[in-house]
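To start, the structure itself, in structure tokens.
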Amino acid sequence: MTQPSDKALVPFVSVDHMMRLVHRIGLDPMLKGLASYIEDDFRRWERFDKTPRIASHSDVGVIELMPTSDGEAYGFKYVNGHPRNTAAGLQTVTAFGLLADVATGYPVLLSEMTLLTALRTAATSAMVARHLAPKGAHTMAMIGNGAQSEFQSLAMRAICGIAAVRLYDSDPAATAKCATNLAGQGLRITRCTSAEEAIEGAQIITTCTADKRAATILGDNMIGPGVHINAIGGDCPGKTELAPGILTRATVFVEYPPQTRVEGELQQMPADFPITELWQVITGQAPGRTSTDQITLFDSVGFAIEDFSALRYIRDRIAGTDLYQPLDLLADPDDPRDLFGMLARAAPV
Ligand code: NAD
């Protein structure tokens, strides 16, 4: 049997490769590297082809495709969100993604993106908090202690210098898991028994719960002046975490308005509710935090450009390593127009 030619082999990064890559690079340098790739792509925001992600909803969850292109490369992520999955031993969020060369349309990378989503979401949160959180922020409340929570906490330490994290989850087993995983990682960890207790003394409040409903993880009267809220879990129609009163008192920062207005905390507000686009803060075209009393809110839903940046980062890091497998994904007939003739390679002798 003829082997596929090298130019038709697509590097595939499996979950095992991704885990080994994290250890080889180191978690902190990797979070910082991802944050820097994401920030670079936010700086050239206008170059990208942008569309809200394409979502297929069911009663129990959502499956989404997230495409974008900068004109040279094209990327997409397949991702699901199924809050009830954990009860069946499955994850709420799993993902994989692909990067392709616009010039030929040929894929140049296929990668697991479940770990990579947790890493890029954490890197994005911390990059945004570096722009918006109050100066000298040292303590974060981490509400929702599931799959994303350790990544969120460690990125805030690596990129924003957070020294203490106050954990709360409605399931104490999740808090215990998170506290155990974060032990010895240079963070002072406090386990809390309510969201109210978790936010005491915190300058950054991260909500990262999974429940397919309009929840009130943070009530209006819980939020005082001067904090930065990093709202991660409200990312789907009918799935929110904050009381609308918080949004009316906060300055709301978003990734891509047409997507966030439908999926984020913003879905609770009128269609013309004022927002600031993060790329404009990063490029200096719009103000970020303007006063110590201001409540800044990152209404995070996760946007395709962050995944594109993460895939670019992985493509650059695996070059010259053994941390991928060449995948026979593309047909490579000897004569490009003789696809049929290629079948003969596998004909029984
Ligand atoms: P997960 O299911 O592993 O963890 C969610 C945790 O929230 C669970 O431990 C659960 O017990 C807890 N929880 C549920 N309701 C709660 C409540 N009322 N109070 C306190 N805790 C509560 O999910 P995950 O993978 O960590 O993801 C968390 C959320 O973040 C999901 O909603 C997911 O869709 C979202 N997410 C957003 C982005 C983004 O870019 N914005 C990226 C990834 C995941």
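When a ligand or atom number is given, it counts from 1 through the structure's own listing order.
Not close to ligand 1: Glu306, with no non-hydrogen atom less than 4.0 angstrom away. Using a 4.0 angstrom heavy-atom cutoff, Phe303 does not count as in contact with ligand 1. The closest approach between a heavy atom of Arg120 and any atom of ligand 1 is below 4.0 Å. A heavy-atom separation below 4.0 Å is not found between Pro83 and ligand 1.
Within the 4.0 Å heavy-atom criterion, the part of Thr86 lying near ligand 1 is the side chain and not the backbone. Of the heavy atoms in Cys208, both backbone and side-chain atoms come closer than 4.0 Å to ligand 1.
Every atom of ligand 1 with a heavy atom of Thr92 under 4.0 Å away is listed here by number and element: 1 (P), 2 (O), 23 (O). Atom numbering of ligand 1 starts at 1 in the shown order; those under 4.0 Å from a heavy atom of Val301 are 39 (C), 40 (O), 41 (N). Near Ala174, meaning under 4.0 Å from one of its heavy atoms, ligand 1 places the atoms 9 (O). Atoms of ligand 1 found under 4.0 Å from any heavy atom of Lys239, numbered from 1 in the order shown, are 31 (C), 32 (O), 33 (C), 34 (O).
Checked by atom type and distance alone, the side chain of Arg166 never pairs as donor or acceptor with a backbone atom of Arg191 at under 3.5 Å. Side chain of Arg130 to main chain of Ser125: no donor-acceptor pair is present (N/O by atom type, distance under 3.5 Å, no hydrogens or angles). In this structure, the side chain of Lys212 does not engage the main chain of Val60 through any donor-acceptor pair within 3.5 Å. Side chain of Glu112 to main chain of Leu116: a donor-acceptor pair is present (N/O by atom type, distance under 3.5 Å, no hydrogens or angles). The main-chain N or O of Ala118 is never found under 3.5 Å from a side-chain atom of Thr121 such that the two would form a donor-acceptor pair. A donor-acceptor pair is defined here as one N or O able to donate and one able to accept, closer than 3.5 Å; no such pair exists between the side chain of Asp211 and the backbone of Arg213. Side-chain N or O atoms of Thr260 include none that pairs as donor or acceptor with a backbone N or O of Gly264 at under 3.5 Å. A donor-acceptor pair is defined here as one N or O able to donate and one able to accept, closer than 3.5 Å; no such pair exists between the side chain of Gln152 and the backbone of Gln148.
Residue Asp211 has no nitrogen or oxygen atom sitting less than 3.5 Å from a nitrogen or oxygen atom of ligand 1, judged on distance alone. Residue Val93 has no nitrogen or oxygen atom sitting less than 3.5 Å from a nitrogen or oxygen atom of ligand 1, judged on distance alone. For a threshold of 3.5 Å applied to N or O pairs, the pair formed by Arg213 and ligand 1 contains no separation below that value.
A heavy-atom distance below 4.5 Å is found between the side chains of Arg53 and Val301.
For the side chain to side chain donor-acceptor pair (under 3.5 Å) test with Asp70, the passing option among Arg44, Arg47, Arg312 is Arg44; the others fail. With Phe303 as the fixed residue, the ring-ring contact (aromatic ring centres under 6.0 Å, His included) test singles out one of Phe308, Trp45, Phe48, Trp279: Trp45.
At the shortest separation from atom 14 (C) of ligand 1 among protein heavy atoms lies Ala210 O, 3.6 Å. From the protein, the heavy atom lying nearest to atom 16 (C) of ligand 1 is Ser170 OG, 3.3 Å. Atom 8 (C) of ligand 1 has as its closest protein heavy atom Asp169 OD2, 3.3 Å. When only non-hydrogen protein atoms are considered, atom 41 (N) of ligand 1 lies nearest to Ser300 OG, 2.9 Å. Residue, atom and distance of the protein heavy atom nearest to atom 4 (O) of ligand 1 are Gly146 CA, 3.2 Å. With hydrogens left out, the protein atom closest to atom 42 (C) of ligand 1 is Thr121 OG1, 3.3 Å, a heavy atom. For atom 35 (C) of ligand 1, the closest non-hydrogen atom on the protein side is Asp235 OD2, 3.3 Å. Of all protein heavy atoms, the one closest to atom 27 (O) of ligand 1 is Gln148 CG, 3.5 Å.
Taking 4.0 Å as the cut-off between side-chain N and carboxylate O, Arg157 and Asp28 count as a salt-bridged pair. For Glu64 and Lys77, the salt-bridge test fails: no basic side-chain N is under 4.0 Å from an acidic carboxylate O.
The residue among Asn230, Thr209, Asp307, Leu90 with a heavy atom at the shortest distance from atom 29 (C) of ligand 1 is Thr209. Selection from Thr94, Asn145, Thr124, Ile217 by nearest heavy atom to atom 17 (C) of ligand 1 gives Ile217.
In the hydrophobic clustering, where aliphatic and aromatic side chains (Ile, Leu, Val, Met, Phe, Trp, Tyr) are joined below 4.5 Å either directly or transitively, Leu218 groups with Ile143, Tyr168, Ile199, Ile205, Ile217, Met222, Ile223, Val227, Ile229, Leu242, Ile246, Leu247, Val252, Val254, Leu266, Met269, Phe273, Ile275, Ile295, Leu297.
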